[in-house]
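Below is one structure, written out as structure tokens, with a few remarks after it.
From a predicted model like this one, the values you see are computed outputs, not experimental measurements.
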Amino acid sequence: MSSNLQSIRGMNDMLPADADTWRFFEDTVRAWLESYGYREIRTPILENTALFKRAIGEVTDIVEKEMYTFIDELNGESLTLRPEGTASCVRAVVQNNLIYDGGKRLWYMGPMFRHERPQKGRYRQFHQVGVEAMGFAGPDVDAEHILMSADLWKRLGISPALELNTLGDAEARRRHRERLIKYFEANVDVLDEDAKRRLHANPLRILDTKNPAMQALVEAAPKLMDDLDEESLAHFDAVQRLLHDLGIEYRINMRLVRGLDYYNRTVFEWVTDKLGAQGTVCAGGRFDGLIEQLGGKPAPACGFAMGIERLLALLEVEGIKPEHRAPDVYLVHAGEQAAAWAWQVARDLREKNVSVLMHAGGGSFKSQMKKADGSGARFAAIIGDNEAANRKMSLKPLRMEAEQAIVNIDEAADILQRK
């Protein structure tokens, strides 16, 4: 066994070189969500396993193969690291009775966990932004979520494509399920083992197969659209009209079923061909039965989630790289008196909202200035014993043509804030 401890495969460190991109994305997302009036909710990373089995569906890849589940030795409970955020969000809404006084628009951001085979864009610990609207039944919220995501792509400078479908309501899905079972039973020789296992438990998921040998069979399968009731069709038509009015382009994909059992009516995905196999960067839809399913009073709901790692990979492919957030000033100092004064200068400048990187480890002025230049700071504040005796500093621009000046703390703060 190697003595070098490593991170768990598929669970990655976020290193300082990547921090600017993550922070740019997170700041953009928070400003975007605030502009739509959504409020943040935070839920635990660990939940009772039963929550995900009930919400996601027991005959799904996530529950059957991908969840990190273990028994709590203290009380024997089965616990699971959350594989997605909607179930936890709905559980929190039900437990805390959040929609007793009307609908709520919520969002969350954080790590999720699935025991998958790691590859680029698919990790065992990954991060999502989730947006949920609880208590709203109309197609306007479906359209709002699609508009929101389209707006975020503009802010980020990317352009994934929208695919849209409707799954109808429970009765329509029941009728379609029966037709699918009969169809696939008549073609059982073409089904792979995964499809045979799902045939009677969740035949709709067979439509989402990636097996090339089954593509022709799936293409010819009965269409859910043929079983939809008038109300579901009217809802879907209304969503499409709103998207048309908003100028949002989309493609109807009747094979789009989503991998979670709780969806009904509108479902959508934003996809790209620039990330190989991991082309879905954002997905969601309506899940009107989930609140009741998890013990709450019946209430409609709609939401979507996006994978942060995949979106950051798309930013990289598109050549979008945020600027490094360097400190305003690198504080150079040499001499005992200078060191004491440097501490005071750094503290006072920070109190005036100036970011200061203070040199540590000694060294000559020349070696310190080399580090100041490498830090990316806009200015170097240079303090020797003479400057310290006069309660001054020498402020040297590092990124522009300008004169070096001897200034006091207030003058330095004014220059740094103006520049």
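Other residues, nucleotides and ligands contribute at most 12 non-hydrogen atoms within 6.0 Å of the NZ atom of Lys182. Heavy-atom contacts from other residues, nucleotides or ligands closer than 6.0 Å to CE of Met369 number more than 12. For Lys371, the NZ atom is loosely surrounded, since the number of other residues' heavy atoms within 6.0 Å does not exceed 12. Around atom CZ of Arg42, no more than 12 heavy atoms belonging to other residues, nucleotides or ligands sit under 6.0 Å away. A 6.0 Å sphere centred on CZ of Arg347 holds no more than 12 heavy atoms belonging to other residues, nucleotides or ligands. Ile8 CD1: 12 or fewer foreign heavy atoms inside a 6.0 Å radius. Shown here is Glu178, whose CD atom has more than 12 heavy atoms of other residues, nucleotides or ligands within 6.0 Å.
Counting only distance, with no hydrogens or angles, the side chain of Asp288 and the backbone of Ala301 share a donor-acceptor pair below 3.5 Å. Within the 3.5 Å criterion, the main-chain N or O of Ser355 finds a donor-acceptor partner in the side chain of Asp328. Although no hydrogens or angles enter the test, the distance criterion places a donor-acceptor pair under 3.5 Å between the side chain of His176 and the main chain of Pro222. Lys223 places a side-chain N or O within donor-acceptor distance of the main-chain N or O of Ala221, the cut-off being under 3.5 Å. Of the possible polar contacts, one joining the Thr28 side chain to the Phe24 backbone as a donor-acceptor pair under 3.5 Å is found. A distance-only check finds no donor-acceptor pair linking the side chain of His235 to the backbone of Ala238 [under 3.5 Å]. Put simply, the side chain of Gln293 gets close to the backbone of Arg54: a donor and an acceptor are under 3.5 Å apart. Using modelled atom types, no side-chain atom of Arg9 and backbone atom of Arg117 make a donor-acceptor pair closer than 3.5 Å. Under the 3.5 Å distance criterion, the side-chain polar atoms of Asn96 are left unmatched by any main-chain donor or acceptor of Leu98. In this structure, Arg82 contributes its side chain and Thr43 its backbone to a donor-acceptor pair below 3.5 Å.
You'll find the side chain of Pro139 stays beyond 4.5 Å of the side chain of Gln240, heavy atoms only. The shortest distance between side-chain heavy atoms of Lys352 and Gln417 falls below 4.5 Å. Side-chain contact between Met11 and Tyr123: absent, with no pair of heavy atoms (C-beta onward) separated by less than 4.5 Å. The side-chain heavy atoms of Pro83 and Met67, taken from C-beta on, include a pair separated by under 4.5 Å. Taking 4.5 Å as the limit, every side-chain heavy atom of Glu323 sits out of range of all side-chain heavy atoms of Asp20. Residues Asp169 and Arg265 form a side-chain contact, since some pair of their non-hydrogen atoms from C-beta on lies under 4.5 Å apart. The side-chain heavy atoms of Leu152 and Met306, taken from C-beta on, include a pair separated by under 4.5 Å. Contact check for Met148 versus Asp151: no side-chain heavy atoms found under the 4.5 Å cut-off.
Between the side chains of Thr86 and Glu132, a donor-acceptor pair is found at a separation under 3.5 Å. Using a 3.5 Å distance cut-off with no hydrogens or angles, the side chains of Ser232 and Asp229 do pair a donor with an acceptor.
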- Query: Checking salt bridge (charged side-chain N to carboxylate O under 4.0 Å, His left out) for the pair Lys297/Glu292: CA distance, chi angles, key distance, verdict?
  - Reply: CA-CA 5 Å; Lys297 294 180 180 179; Glu292 181 180 16; over 6 Å; no
- Message: Could you go through Met134 and Cys89, starting from their C-alpha distance and side-chain angles, then the distance that decides it, and tell me whether this counts as side-chain contact (heavy atoms from CB on, under 4.5 Å)?
- Response: CA-CA 10 Å; Met134 310 283 188; Cys89 186; 3.9 Å; yes
- Message: Between Val329 and Leu357, is the side-chain contact (heavy atoms from CB on, under 4.5 Å) condition met? List the steps.
- Response: CA-CA 6 Å; Val329 62; Leu357 179 56; over 6 Å; no
- Ile308 vs Gln128, side-chain contact (heavy atoms from CB on, under 4.5 Å): CA-CA, chis, key distance, verdict: CA-CA 5 Å; Ile308 297 180; Gln128 282 187 341; 5.8 Å; no
- Message: Please determine whether side chain to side chain donor-acceptor pair (under 3.5 Å) holds for the pair Gln215 and Asn211, giving the CA-CA distance in whole Å, both sets of side-chain angles, and the decisive distance to 0.1 Å.
- Response: CA-CA 7 Å; Gln215 294 307 305; Asn211 185 346; over 6 Å; no
- Query: Passes side chain to side chain donor-acceptor pair (under 3.5 Å), Thr266 versus Thr166? Steps please.
  - Reply: CA-CA 4 Å; Thr266 308; Thr166 179; 5.4 Å; no
- Task: Could you give me the CA-CA distance, side-chain angles and deciding distance for Phe287 and Val90, then say whether side-chain contact (heavy atoms from CB on, under 4.5 Å) is met?
- Result: CA-CA 10 Å; Phe287 46 96; Val90 172; 3.9 Å; yes
- Could you give me the CA-CA distance, side-chain angles and deciding distance for Arg122 and Glu116, then say whether salt bridge (charged side-chain N to carboxylate O under 4.0 Å, His left out) is met? CA-CA 8 Å; Arg122 185 181 288 269; Glu116 301 187 279; 2.4 Å; yes
- Task: Take Glu84 and Arg114, measure what salt bridge (charged side-chain N to carboxylate O under 4.0 Å, His left out) needs, and give me the verdict at the end.
- Result: CA-CA 9 Å; Glu84 57 96 47; Arg114 296 187 191 179; 5.9 Å; no
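Note that CZ of Arg378 and CG of Leu395 are 9.5 Å apart. Values are rounded to the nearest 0.5 Å. Rounded to the nearest 0.5 angstrom, Ile158 CD1 and Leu314 CG are separated by 4.5 Å. Rounding to the nearest 0.5 Å places OH of Tyr183 at 11.0 Å from CD1 of Ile206. Atom-to-atom distance recorded for Cys302:SG and Asp140:CG is 10.0 Å, nearest 0.5 angstrom. For the atom pair Phe70 CZ and Glu77 CD, the distance stands at 10.0 Å (nearest 0.5 Å). With values rounded to the nearest 0.5 angstrom, Arg286 atom CZ is found 4.0 Å from Asp142 atom CG.
Of all heavy-atom pairs between Val94 and Gly295, the closest is CG1-C, 3.9 Å. Considering all non-hydrogen atoms of both residues, Ala338 and His333 come closest at O-CB, 4.2 Å. Nearest approach of Ile146 to Trp270, heavy atoms of both residues: O-CZ2, 3.7 Å.
Taking a cutoff of 4.0 Å between a charged side-chain nitrogen and a carboxylate oxygen, Arg23 and Glu26 do not qualify as a salt bridge. A salt bridge links Glu64 to Arg197: at least one charged side-chain nitrogen sits closer than 4.0 Å to a carboxylate oxygen. In summary, Asp194 and Arg198 engage in a salt bridge, as defined by a charged side-chain N under 4.0 Å from a carboxylate O. A salt bridge links Asp373 with Arg399: at least one charged nitrogen is closer than 4.0 Å to a carboxylate oxygen.
A search for side chain to side chain donor-acceptor pair (under 3.5 Å) contacts involving Lys274 returns Glu318, not counting sequence neighbours.
Classification of the Phe304-Phe268 ring pair by plane angle, with boundaries at 30° and 60°, yields tilted. Note: Tyr38 and His145 have tilted aromatic rings, judged against thresholds of 30 and 60 degrees for the angle between ring planes.
The ring of His127 has its center closer than 6.0 angstrom to the ring center of Trp22.
In this structure, Arg124 is not positioned above the aromatic face of Tyr68 in the sense of NZ or CZ being under 6.0 Å from the six-membered ring centre and within 45° of the axis.
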